[in-house]
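Beneath this line is the structure, given in structure tokens, with notes to follow.
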There are 2 protein chains.
Amino acid sequence: MAVETTRRRRIEDVASDLFREQGYAATSVRDIARALDIQGASLYAHVTSKEDVLWAIVDRAATRFEQAADAAGERARPNDHTARMAELARAHVRTIAEDVGAASVFVAEWRALGGERRAAILERRDAYERRFRELIAAGISSGEFRMTDPALASMFILGALNSIATWYDPNGRLTADRIADYAADLAVRTLAEDPS
Amino acid sequence: MAVETTRRRRIEDVASDLFREQGYAATSVRDIARALDIQGASLYAHVTSKEDVLWAIVDRAATRFEQAADAAGERARPNDHTARMAELARAHVRTIAEDVGAASVFVAEWRALGGERRAAILERRDAYERRFRELIAAGISSGEFRMTDPALASMFILGALNSIATWYDPNGRLTADRIADYAADLAVRTLAEDPS
DNA sequence: CCTACCGATCGGTAGG
DNA sequence: CCTACCGATCGGTAGG
């Protein structure tokens, strides 16, 4: 069973990278199989459908983002909204960097999912974005953040953070920590009250 | 000939919207034809291939971004890097809002292009990003912006701006001007020297 | 712009 | 995990 789990994970990892590079629709089952050095039809000994693979990737990525955000919430004092935003942004970037393939698929390829799964993942995406929006709203109420539209601010911040998934390279010049620092700084600067 | 031009444009507009919603690979020639109330094969009376339509959309969008950036460069004094960045960000957002479909395709679907066209558009994307990077570098040299990595800063700013293409709705609550204001502010805040 | 049609490829199944 | 194969759909052509 450990073998089975590993094989299944290798399929998902290989698929993540291909989906990231070419997109889900442009990646054939045979493309995935070729990357694993097996025949296209042989893939079906391990998965029940192509969409099942997509779902497994997206579902796991969503869970990782949620858990990272939970953990981030516990690392800062509840009323220190600036620190909480910094931790949240850093956690998001680290989660992307730990598995860029899966993160890219979560960000960009969930549209390919069918009815129920699509609805389920959309709901989780909404809930995740809500963490940002509500944190921003709380920081405004407390006077820590400047007056601004929390929905607009959260979309811009998440847009900036998610774009990392399109260019991040684990072997590149920019380390995950470096990027996470920059991201946290960007989020905080965007929200900070103007000095007077 | 005016008729021909219009028909061709309608095809590209319809295709832009479909490519934005479903992606290029997931959109069939028949999908495009259906949206135009004609038969799939009839489309080939107006275009030579599916990729030709993609190329036309991407090429025109690229030109619009380039021209908007040129115009933005002439609206601010050369040495006022803050004003130039604000104008550049605003121009970028306005260009997205004027045709979200085409902008989305330019941002996300250029990968589907074949060899030479893909290379050509990559080069133009690079040159466009270079405008941001070099403006940031110049602002740092002049002491107007804080010391930071221009490449990292430009990727974050463009990432934030481009994400607008995924959620902007011309009939939505947020007007293009409102979003452009926010975007210009975000770009400038990210780069501004810390007050001391 | 339509009907009729083409070869290639797609996701997936049967049976080992 | 393989070979052999399936129906459906793909982008595109011929001929009007």
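We name chains A, B, ... by the order of the sequence lines, and we start the count at 1 in each one.
Between A/Asp80 and A/Arg84 there is no salt bridge, since no side-chain nitrogen of the basic residue lies less than 4.0 Å from a carboxylate oxygen of the acidic one. A salt bridge does not link B/Asp13 to B/Arg10: none of the charged nitrogens lies less than 4.0 Å from a carboxylate oxygen. A salt bridge links B/Glu12 with B/Arg8: the distance from a Lys NZ or Arg NE/NH1/NH2 to an Asp or Glu carboxylate oxygen falls below 4.0 Å. Look at B/Asp185 and B/Arg189 and you find a salt bridge, because one of the NZ, NE, NH1 or NH2 atoms lies within 4.0 Å of a carboxylate O, short of that distance. One finds no salt bridge joining A/Asp59 and A/Arg117 here, because no Lys/Arg side-chain nitrogen approaches an Asp/Glu carboxylate oxygen to under 4.0 Å.
Summarising the base pairing, D/dG16 is matched to C/dC1 through a Watson-Crick or G-U wobble pair whose two defining distances lie under 3.5 Å.
Chain A approaches DNA chain C over the interval C/dC10 to C/dT13, counting the first and last nucleotide 5' to 3' with an atom under 4.0 Å from its heavy atoms.
In terms of position along DNA chain C, the nucleotide closest to B/Asp37 lies nearer the 5' end than the nucleotide closest to the other residue of the pair B/Asp37 and A/Thr48. Heavy-atom distances to DNA chain D give each of A/Arg30 and A/Ile38 a nearest nucleotide, and the one nearer the 5′ end belongs to A/Ile38.
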